[in-house]
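Here is the structure we will look at.
First the proteins, then the strands, lettered A, B, ... as listed; each starts at 1.
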There are 2 protein chains.
Amino acid sequence: MSSETWLEQLHDNGYRVTAARRAVVDVVYGNTHALTPIEVYDQARKKYRALGLVTVYRTLEKLEELHLIQRVHQPIGCQAFISAGLGHQHLLLCKTCGQVEFFEGDDLDALTKSIARKTGYQIQEHWLQLFGLCANCK
Amino acid sequence: MSSETWLEQLHDNGYRVTAARRAVVDVVYGNTHALTPIEVYDQARKKYRALGLVTVYRTLEKLEELHLIQRVHQPIGCQAFISAGLGHQHLLLCKTCGQVEFFEGDDLDALTKSIARKTGYQIQEHWLQLFGLCANCK
DNA sequence: TACTTATTGAAAATGATTTTCAGTAAGAAA
DNA sequence: TTTCTTACTGAAAATCATTTTCAATAAGTA
Ligand SMILES: [Mn+2]
Ligand SMILES: [Mn+2]
Ligand SMILES: [Zn+2]
Ligand SMILES: [Zn+2]
């Protein structure tokens, strides 16, 4: 699987594959760090100098709409995006360098049910994120 | 415990207790809904007409600094604040009305350790949030 | 009551994101 | 290939949230 997958997805959904979009997709696809629009812009401009920041916003918007990327929420801000994995996952984030790992294996069913009962809420989804220092940064 | 507690805390930390701050504190203290600065402003102005939005921002900043309120992250945005509970807690949020409940009783130690071992991360903190519909909204 | 200085709201500045717009080019169809 | 429609582009302007500046005010200690 390469970034071509994403370009195909864009195409299959009626969007055009352009040089600007290729540059953005090349930066974000498979990147293990959460990137802000400006960071994407700076990196993508190395591949395609004429790129405009507006197009970065517009492309990220479409990638998010197709669930190819997802927004990353952190104590320092919530404007970064990361390549989305498939299905329901959780994030482990390095507070220093922004590296992201996915993990599964949470077992929140019992907790969720118990809280639903106690509170009367109908629980629809959950967010679980771990923060720390990656092997490099610690 | 009333909102006077918060005013005392402000005072004890060298901040002055003013009419503007009273109005903001009165709105946020004990409120079970996550409120954005504008929402706080609109509600607080009913009590103190001359209030400026700038002062809302400045007061929220100080309340957050004193850990009396905390920022709430949601799919629709991350600008809202809620009265903070004591110590480490988790949030249950109504997606419709923004009502917030705190809960404890997560047991993530085993999961956290297992992920730390697998990934080499040094894990420092976690976020766990549940989203759904409150008894009223469902 | 007097005095120091933190706090105020208005206005301006900033920074991020969105909208507008006229030119360009993707890509389907011929 | 060429034509043709229209999605896409980047620049500039507009918008929106938040922060800074500033001179006047008022909290609260002495
Ligand atoms: Mn889960
Ligand atoms: Mn916990
Ligand atoms: Zn790191
Ligand atoms: Zn509700």
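Taking every side-chain heavy atom of B:His11 into account, D:dG28 is the closest of D:dG28, C:dT7, C:dA26.
By the 4.5 Å heavy-atom criterion applied to side chains, B:Leu63 and B:Trp6 are counted as neighbours.
Partners of A:Lys62 according to the salt bridge (charged side-chain N to carboxylate O under 4.0 Å, His left out) rule, which considers only residues two or more places apart in sequence or in another chain, do not exist here. Not a single salt bridge (charged side-chain N to carboxylate O under 4.0 Å, His left out) links B:Glu8 to another residue, sequence neighbours left out. The salt bridge (charged side-chain N to carboxylate O under 4.0 Å, His left out) test applied to A:Glu65 returns no partner, not counting sequence neighbours.
For NZ of B:Lys138, the number of neighbouring non-hydrogen atoms (other residues, nucleotides, ligands) closer than 6.0 Å is greater than 12.
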Tabulate below the donor-acceptor pairs under 3.5 Å that side-chain atoms of residues 25-33 of chain A make, not counting sequence neighbours, or state none.
unit_1, atom_1, unit_2, atom_2, d
A:Asp26, OD1, A:Ser3, OG, 3.1
A:Tyr29, OH, A:Met1, O, 3.0
A:Asn31, OD1, A:His33, N, 2.9
A:Asn31, ND2, A:Val27, O, 3.2

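Residue A:Leu51 is in sugar-phosphate contact alone, with no base atom involved, counting any heavy-atom pair closer than 4.0 Å across all strands shown. Within the nucleic acid shown, B:Ala19 has no heavy atom closer than 4.0 Å to any nucleic acid atom.
Rounded to an integer number of Å, the gap from CD of B:Gln79 to P of D:dT19 is 11 Å. In this structure, A:Asn13 places its CG atom 11 Å from P of D:dC8, rounding to the nearest Å. Counting to the nearest Å, the P atom of D:dT19 and the OH atom of B:Tyr41 are 16 Å from each other. Counting to the nearest Å, the P atom of C:dA26 and the CD atom of A:Glu8 are 18 Å from each other. Distance B:Asp12 CG to D:dG28 C1': 14 Å, rounded to the nearest Å. Rounded to a whole Å, the CD atom of B:Glu61 is 18 Å from the P atom of D:dA17. Rounded to a whole Å, the CG atom of B:Leu10 is 13 Å from the C1' atom of D:dA27. The distance between atom CD1 of B:Ile38 and atom C1' of D:dT15, rounded to the nearest whole Å, is 14 Å.
Map B:Gly14 and B:Tyr48 each onto its nearest nucleotide of DNA chain C; the residue landing nearer the 5' end is B:Gly14. Heavy-atom nearest nucleotides on DNA chain D were determined for B:Val17 and for A:Val56, and the one closer to the 5' end corresponds to A:Val56.
Applying the ring pair (Phe, Tyr, Trp, His ring centres under 6.0 Å) test to pairs two or more places apart or on separate chains, those with a residue in residues 64-93 of chain A are A:His73-A:Trp127, A:His88-A:His90, A:His88-A:His126, A:His90-A:Phe103, A:His90-A:His126.
Regarding contacts with the backbone of D:dT9, a side-chain N or O of A:Thr18 is found under 4.0 angstrom from either OP1 or OP2.
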Hey, what are the protein-to-nucleotides 19-25 of chain C N/O distances that come in under 3.5 Å?
none

